[in-house]
Visitor: 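Here it is: the structure, laid out below.
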Amino acid sequence: AFRWINQMLLNIPASIQEQERPLLREAGKILKNNVKAVMRRSDVEEAAVKVEPKNYDGSRPYVHMQDDISYKVKKSKTGALYVSVRGGKMTGYKWHLVNDGTVKTNPTHFIETAENKSGQEIEQAIDRMIAEVLDGAD
């Protein structure tokens, strides 16, 4: 009986490590959805009655920040996995300006708000993953 318990305990770290990437993907999806929910929709489409808005490179149709959010699981230089949630090619450069504000605009702090809003959901995802690993270890 002790040998079985010892083997089960030795297998838990490997099982958790196998679930790391899927868990980070789920966390990225949660963060992406919360960033999209928290981010205010600008009125640039409505304001441009006569002139169709365009992207920074002149392309059309206009891509709004809410429609250009991506997440990806990456590996750091030290080998640790992490999730990156960011703006896409057309809007990524705007994130720090909108989040932190400028001389002419007020900060929205949508990144911090989305992170705070996501914390409990991500903790629940971690709890579910651990419960699945422990159930599978039986």
Side-chain angles (χ1 to χ4, degrees):
F2 291 115
R3 184 175 274 165
W4 175 79
I5 292 171
N6 190 35
Q7 188 60 41
M8 181 186 75
L9 292 173
L10 289 173
N11 289 338
I12 288 175
S15 300
I16 288 177
Q17 192 170 9
E18 289 173 8
Q19 295 300 318
E20 185 177 14
R21 192 173 288 271
L23 178 66
L24 285 171
R25 270 193 230 105
E26 186 175 350
K29 186 176 183 179
I30 291 167
L31 273 166
K32 175 185 175 181
N33 291 336
N34 283 326
V35 165
K36 189 172 184 174
V38 168
M39 191 182 288
R40 286 190 338 226
R41 186 104 185 160
S42 71
D43 61 349
V44 70
E45 291 97 344
E46 292 81 24
V49 176
K50 295 184 179 181
V51 178
E52 183 182 358
K54 56 186 174 183
N55 299 306
Y56 74 93
D57 64 353
S59 64
R60 292 187 174 147
Y62 176 75
V63 178
H64 192 276
M65 286 176 63
Q66 283 182 325
D67 303 326
D68 196 24
I69 304 170
S70 63
Y71 65 94
K72 189 175 189 177
V73 176
K74 296 181 175 185
K75 192 177 277 195
S76 70
K77 291 178 183 177
T78 61
L81 292 176
Y82 67 97
V83 66
S84 169
V85 179
R86 50 190 271 176
K89 177 183 174 190
M90 293 296 175
T91 64
Y93 71 95
K94 297 179 186 179
W95 276 45
H96 73 94
L97 299 170
V98 173
N99 186 66
D100 303 331
T102 65
V103 172
K104 294 183 179 183
T105 62
N106 292 325
T108 61
H109 301 295
F110 71 90
I111 296 171
E112 293 86 355
T113 305
E115 286 174 345
N116 292 336
K117 191 175 181 181
S118 302
Q120 189 173 7
E121 289 178 74
I122 292 172
E123 284 181 24
Q124 290 171 351
I126 292 168
D127 291 343
R128 280 194 306 273
M129 183 269 297
I130 291 173
E132 289 172 11
V133 167
L134 294 177
D135 285 344
D138 292 341

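Quick caveat, the model's predicted, so the values are computed rather than measured.
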Visitor: Do Tyr82 and Ser76 have side chains that approach each other closer than 4.5 Å (heavy atoms only, starting at C-beta)?
Guide: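 Answer yes - side chains close enough.
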
Visitor: Quick one: pull up CD in Gln19 and CG in Leu24 and give me the separation to the nearest 0.5 Å.
Guide: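 Answer for the CD-CG pair, Gln19 versus Leu24, is 11.0 Å.
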
Visitor: Contact between Lys74 and Leu81 at the side-chain level, heavy atoms closer than 4.5 Å - yes or no?
Guide: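 When only atoms from C-beta onward are counted, Leu81 and Lys74 do not touch, as no gap falls below 4.5 Å.
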
Visitor: Considering residues, nucleotides and ligands other than Lys94, do more than 12 of their heavy atoms fall under 6.0 Å from its NZ?
Guide: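 Yes, enclosed.
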
Visitor: Are Met90 and Ser59 packed together at the side-chain level, in the sense that at least one heavy-atom pair is separated by less than 4.5 angstrom?
Guide: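 Yes, close enough: below the 4.5 Å cut-off.
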
Visitor: In Å and rounded to the nearest 0.5 Å, what is the CD1 to CE distance from Ile111 to Met39?
Guide: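 Here the rounded value is 7.5 Å.
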
Visitor: Out of curiosity, Gln66 CD to Lys36 NZ, how far, rounded to the nearest 0.5 Å?
Guide: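 Atom-to-atom, Gln66:CD and Lys36:NZ are 6.5 Å apart.
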
Visitor: Could you please spell out the steps behind the salt bridge (charged side-chain N to carboxylate O under 4.0 Å, His left out) verdict for Glu121 and Lys29?
Guide: CA-CA 11 Å; Glu121 289 178 74; Lys29 186 176 183 179; over 6 Å; no

Visitor: Do other residues, nucleotides or ligands put more than 12 heavy atoms under 6.0 Å from Arg40 CZ?
Guide: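 Counting neighbours around CZ of Arg40, 12 or fewer heavy atoms of other residues, nucleotides or ligands fall under 6.0 Å, so no.
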
Visitor: Let me confirm one number: the CG-CD1 distance from Asp127 to Ile122, rounded to the nearest 0.5 Å.
Guide: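 CD1 of Ile122 is found 12.0 Å from CG of Asp127.
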
Visitor: Rounded to the nearest 0.5 Å, how far apart are OH of Tyr62 and NZ of Lys54?
Guide: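 Answer for the OH-NZ pair, Tyr62 versus Lys54, is 13.0 Å.
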
Visitor: If we count only N and O atoms by modelled type, under 3.5 Å, do the side chains of Glu115 and Asn34 hold a donor and an acceptor together?
Guide: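 There is no such pair (donor and acceptor under 3.5 Å, judged by atom type) between the side chains of Glu115 and Asn34.
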
Visitor: CZ of Arg86 to OG1 of Thr91: how many Å apart, nearest 0.5 Å?
Guide: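 Atom-to-atom, Arg86:CZ and Thr91:OG1 are 10.0 Å apart.
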
Visitor: Do Val83 and Lys72 have side chains that approach each other closer than 4.5 Å (heavy atoms only, starting at C-beta)?
Guide: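 Result no, sub-4.5 Å side-chain heavy-atom pair not found.
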
Visitor: Does any non-hydrogen side-chain atom of Leu97 lie less than 4.5 Å from one of Thr105?
Guide: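 Contact flag for Thr105/Leu97 side chains = no.
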
Visitor: Any heavy-atom pair between the side chains of Ile69 and Trp95 that's under 4.5 Å?
Guide: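 The answer is yes, as the side chains (C-beta and beyond) meet within the 4.5 Å cut-off.
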
Visitor: When you check the gap from the basic side-chain N to the acidic O, do Glu112 and Lys117 get nearer than 4.0 Å?
Guide: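 No salt bridge links Glu112 with Lys117.
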
Visitor: Taking Asn55 for the side chain and Asp57 for the main chain, is one N or O donor matched with an acceptor at less than 3.5 Å?
Guide: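 No, the answer is negative, given that no donor and acceptor are paired below the 3.5 Å cut-off.
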
Visitor: In this structure, would Val63 and Tyr56 fall into the same cluster of hydrophobic residues linked by side-chain contacts under 4.5 Å?
Guide: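 Linked within one cluster.
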
